[in-house]
Structures are given as structure tokens and as C-alpha cells.
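Right, one structure below, let's go through it.
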Protein chains: 2
Amino acid sequence: MIQLRKDTDLAFFLLRHFLKQPKGFQTSAKSLSESLNLPYPTVSKILKVLNKNSVLESVQGSKGGYGLGAVYEEFSVGQLIEMIEGPIALTACTSSTEQNCVSQAFCGVHPHMELMNRVIRDALMALPLSYLVNKPQRYPKKQEVTAFWKQYFDEGNRV
Amino acid sequence: MIQLRKDTDLAFFLLRHFLKQPKGFQTSAKSLSESLNLPYPTVSKILKVLNKNSVLESVQGSKGGYGLGAVYEEFSVGQLIEMIEGPIALTACTSSTEQNCVSQAFCGVHPHMELMNRVIRDALMALPLSYLVNKPQRYPKKQEVTAFWKQYFDEGNRV
DNA sequence: TCATATAGTACCGTTTTAGTACTATATATT
DNA sequence: AATATATAGTACTAAAACGGTACTATATGA
Ligand code: FES
Ligand code: FES
């Protein structure tokens with residue numbers, strides 16, 4: 001299904017809550033989990049990762065909690081995905097040293113996989129996190145997307 | 001990792017072998033599995049699915065085997081993925097009746113997920129199967145991809 | 001000193017995936 | 001008609017990934 005993991009989905013859900021609050025808003029993982037009716041350990045685990053990557057910032061101890069990081073605007077949807085579940089890689093062999101398939105060196109599909117992966121990854125990296133609270137003006141028609149890629153992929157040299 | 005399943009990967013690998021052969025070429029799953037040094041049941045299972053979806057055509061019985069379907073050119077990379085592993089859906093709630101997340105009706109992330117999914121799905125649907133044997137003229141620079149999506153997603157109305 | 005928060009680690013049950021085995025059906029050859 | 005060989009379809013099993021839980025350590029305000 002090329003499906004995101006559940007915790008990645010939840011990360012978007014949680015982050016949106018922070019994005020919707022006024023700047024400087026801070027809350028604890030516990031209260032957040034209670035108000036959203038979600039298991040605390042799950043919420044906590046995700047917020048910890050976001051904090052580690054500077055999307056959120058944390059204050060420990062009593063009266064502590066999480067708030068939006070100062071530089072959160074630098075990150076994209078694609079980056080958030082990679083923070084939670086690792087590199088966006090269509091196959092195990094993509095963007096890594098591991099071998100998949102039959103043999104990376106002789107696998108004729110490999111270079112095409114790499115590019116397919118870029119198609120997806122670049123698109124997700126192009127989406128700023130602000131997209132989670134900003135409604136796009138409009139979404140491109142399927143035909144527009146097709147036309148965009150067509151100029152690059154169609155009618156190349158047989159390989 | 002947003003990773004394709006191994007059998008999908010293998011489907012591309014196998015299909016490429018057919019695409020590289022001259023038109024009308026036909027071979028059995030058994031001989032193909034032997035020449036590629038892959039387990040026969042796995043190869044067989046995948047070819048069956050491709051046949052069912054008219055990407056390949058089959059002849060049963062002795063001297064039978066698989067060959068490229070007459071209408072294989074109609075299909076895209078995205079369609080092939082969906083044949084093997086079902087709908088391209090970033091979350092369980094995307095493009096289905098199932099509920100994921102907290103509640104689809106009240107989940108503020110949901111409409112954004114739907115669009116993210118289209119970003120990926122449309123891109124893969126725009127790639128013709130011929131791409132597996134045709135080398136693209138060139139690949140768009142990351143900046144070009146970003147610019148394409150930026151005109152749609154950037155600076156929308158806060159929602 | 002204590003209460004309460006984040007930070008980090010380790011574990012286990014469930015689900016999905018990958019691979020295997022087996023049976024049924026179709027067709028060319030003998 | 002019998003047989004060999006191919007696809008078609010189903011059922012099962014072992015392994016890996018995922019989701020969730022529990023527990024411990026550390027930091028800080030009251
Ligand atoms: S080795 Fe990478 S796709 Fe085959
Ligand atoms: S219900 Fe679809 S993303 Fe939350």
C-alpha cells in the first residue's frame with residue numbers, strides 16, 4: 001500500500017495541534033494525550049523524536065512541556081516523515097548500501113527505481129510544514145501533473 | 001520507509017525482461033525462474049497477477065507461457081503498483097471507507113493527507129511502463145520540482 | 001525534599017509479509 | 001486416449017515489522 005506508519009500519521013496529527021496554537025504555546029505530553037484521548041506513551045515517544053529534530057522544543061521538570069521549535073518553519077513534510085520512519089526509499093536498495101532485488105550492480109531496474117524514488121521524495125520535500133494548516137489555493141489537475149512529468153520521462157532513449 | 005513490497009519490486013524486474021525482448025516473445029514462468037535464479041512459486045504468482053490485469057497474456061498447456069499483453073502500453077508504473085499491492089494510500093483512511101487516525105470526520109489532517117497522497121499517486125500514474133526500458137532525456141532538478149508544487153501549495157489560506 | 005515533567009530503554013503480543021506446498025485445469029505431443 | 005508440461009488457484013507456515021506497554025533515569029519548579 002506504500003503506507004505511512006501509524007506513528008508518522010500521528011506525528012502529523014499532533015504537530016497540527018501545535019501549529020494551530022498561538023506562538024509560544026506550550027503543553028505537556030500528558031495533558032495532550034488526555035485531551036486527545038490517546039495513549040500517553042505513544043504520544044510521548046513521538047514528541048521526543050520531534051524535539052530531537054528541533055521541530056519542537058522541550059522544557060523538562062515541573063511546569064515543563066513541549067512547544068513549537070524556533071526553526072520549525074525550515075522543515076518540510078518529507079523531512080518530518082524521514083524523522084519518524086527513516087529515509088523515503090521505495091526499495092531497500094534505494095539510497096543505501098544494502099542490496100535488494102537480484103543484484104544491484106546488474107539489476108536493470110535499479111536506476112529507474114532511483115528516479116521513481118526521487119519523484120516521490122522531491123514532491124514530499126517540496127511541501128512545507130505550514131501546508132498542514134494552510135489550505136492550498138488549489139490542487140493541480142491530474143493532467144497538469146502528467147504534463148509536468150511527461151516532459152522529462154516520455155520518449156527517452158531505449159536502454 | 002514508504003517501501004514497496006518485495007513482490008512489487010520483483011514485478012518490475014520481471015516485466016522489464018519481457019519489455020526488453022522482441023515483440024511476440026513468449027516464455028514459461030519455470031524457465032524464467034531458472035534463468036534468473038529465482039524461486040518458481042514466487043515468479044509464478046506475480047506473472048499470474050500481471051496476466052489477470054492484461055499486462056501480460058498467457059497460453060496454458062504444453063508449449064504455453066507468458067508474453068507481453070496487446071494493450072500493455074496503456075498501463076503506468078502507478079497502475080502496476082496498485083495491481084500487486086493494492087491502492088496507493090498513504091494512510092488507511094485515504095481513498096477508502098476505513099477510519100484511521102482519531103476520527104476521519106474531525107481529523108484536521110485528513111484533507112491534507114488526501115492531497116499528499118495525490119501528489120505521490122499522480123506522479124506515479126504519470127510514468128508510463130515504457131519508462132522501465134526508456135532512459136529519460138534528463139531528470140528535473142530538485143529546484144524544478146519544488147517550483148512546480150510551490151505554485152499550488154505555498155501561501156494558501158490558513159485553515 | 002518532593003512532585004511532575006521529559007528522556008531513554010527494553011520487552012512482548014499482533015499483524016503483515018515472504019516463501020512453500022499442494023491441487024485443479026488446460027493443451028500439445030505421442 | 002494417455003501423458004507430459006504448462007498456467008490457475010488455494011492453503012499453510014516461518015520470519016519480520018509494527019504497535020503498544022512498562023519501567024527506569026534525569027531534570028526542574030515549588
Ligand atoms: S537492485 Fe535496486 S531495484 Fe534491483
Ligand atoms: S482520519 Fe485521515 S488523516 Fe486522520
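Values in this document were obtained by computation on a predicted structure and should not be read as measured data. Order of the sequence lines fixes the chain letters, A, B, ..., with proteins taken first and strands second; residue numbering starts at 1 for each chain.
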Study note, to complete from the structure: Looking only at C:dA28, C:dT17, C:dA7, the nucleotide nearest the A:Ser58 side chain is C:dA7
Exercise for review: Report yes if at least one side-chain N or O of A:Tyr40 is closer than 4.0 Å to OP1 or OP2 of C:dT4; otherwise report no.
Suggested key: no
Exercise for review: Could you pick out which residue, B:Gly65 or A:Gln60, lies toward the 5' side of DNA chain D when each is mapped onto its nearest nucleotide?
Suggested key: B:Gly65
Review point. What nucleotide, of C:dA7, D:dG9, D:dG19, holds the atom closest to the side chain of B:Lys48?
Key: D:dG9
**Study point:** Nucleotide nearest A:Tyr66 (side chain, heavy atoms from C-beta), chosen from C:dT6, C:dT20, D:dA8
**Key:** C:dT6
Check your understanding: Going by atom types only, do A:Gln21 and A:His17 share a side-chain donor-acceptor pair under 3.5 Å?
Key -> no
Review point. When all nucleic acid strands are considered with a 4.0 Å heavy-atom cut-off, which category describes A:Pro41: base, sugar-phosphate, or nothing?
Key: base
Review point. Atom CG of B:Leu32 to atom P of D:dA6: distance rounded to whole Å?
Key: 13 Å
Practice item. Find the distance B:Leu38:CG to C:dT20:P and express it as a whole number of Å. Key: 11 Å
Exercise for review: Could you work out which one of D:dA27, D:dG19, D:dG20 sits closest to the side chain of A:Thr42?
Suggested key: D:dG20
**Study point:** Under 4.0 angstrom between A:Asn51 side-chain N/O and C:dT6 OP1 or OP2
**Key:** no
Check your understanding: Can you tell me how far P of D:dA6 sits from CD of B:Gln26, to the nearest Å?
Key -> 12 Å
Practice item. Take atom CG of A:Leu4 and atom C1' of C:dT16, then tell me their distance rounded to the nearest Å. Key: 17 Å
Point to revise | Distance, rounded to the nearest Å, where B:Leu10 contributes CG and C:dT17 contributes P | key: 16 Å
Review point. Are any of the side-chain nitrogens in A:Glu34 or A:Lys30 under 4.0 Å away from the carboxylate oxygens of its partner?
Key: yes
Practice item. May I ask you to decide if the ring planes of B:His112 and A:Tyr131 are parallel, tilted or perpendicular, using 30° and 60° as cut-offs? Key: perpendicular
Study note, to complete from the structure: In whole angstroms, the gap separating C1' of C:dA7 from CG of A:Leu56 amounts to 14 Å
Point to revise | Hydrophobic cluster membership, A:Val59 vs A:Leu50, 4.5 Å side-chain cutoff | key: no
Practice item. Consider only side-chain heavy atoms of I, L, V, M, F, W and Y, link residues closer than 4.5 Å, and tell whether A:Leu15 and A:Tyr40 are in one cluster. Key: no
Revision key, fill the gap. Checking C:dT20, C:dA28, D:dA6 against the side chain of B:Ser62 (C-beta onward), the nearest is C:dA28
Point to revise | A:Lys45 NZ - D:dC18 C1' separation (whole Å) | key: 10 Å
Review point. Over how many whole Å does the gap from B:Ile46 atom CD1 to C:dT17 atom P extend?
Key: 14 Å
Study note, to complete from the structure: The nucleotide from C:dG19, C:dT17, D:dT21 with an atom nearest the side chain of B:Arg5 is C:dT17
Check your understanding: Looking only at side-chain N and O atoms, does B:Lys6 come under 4.0 Å of OP1 or OP2 in C:dG19?
Key -> yes
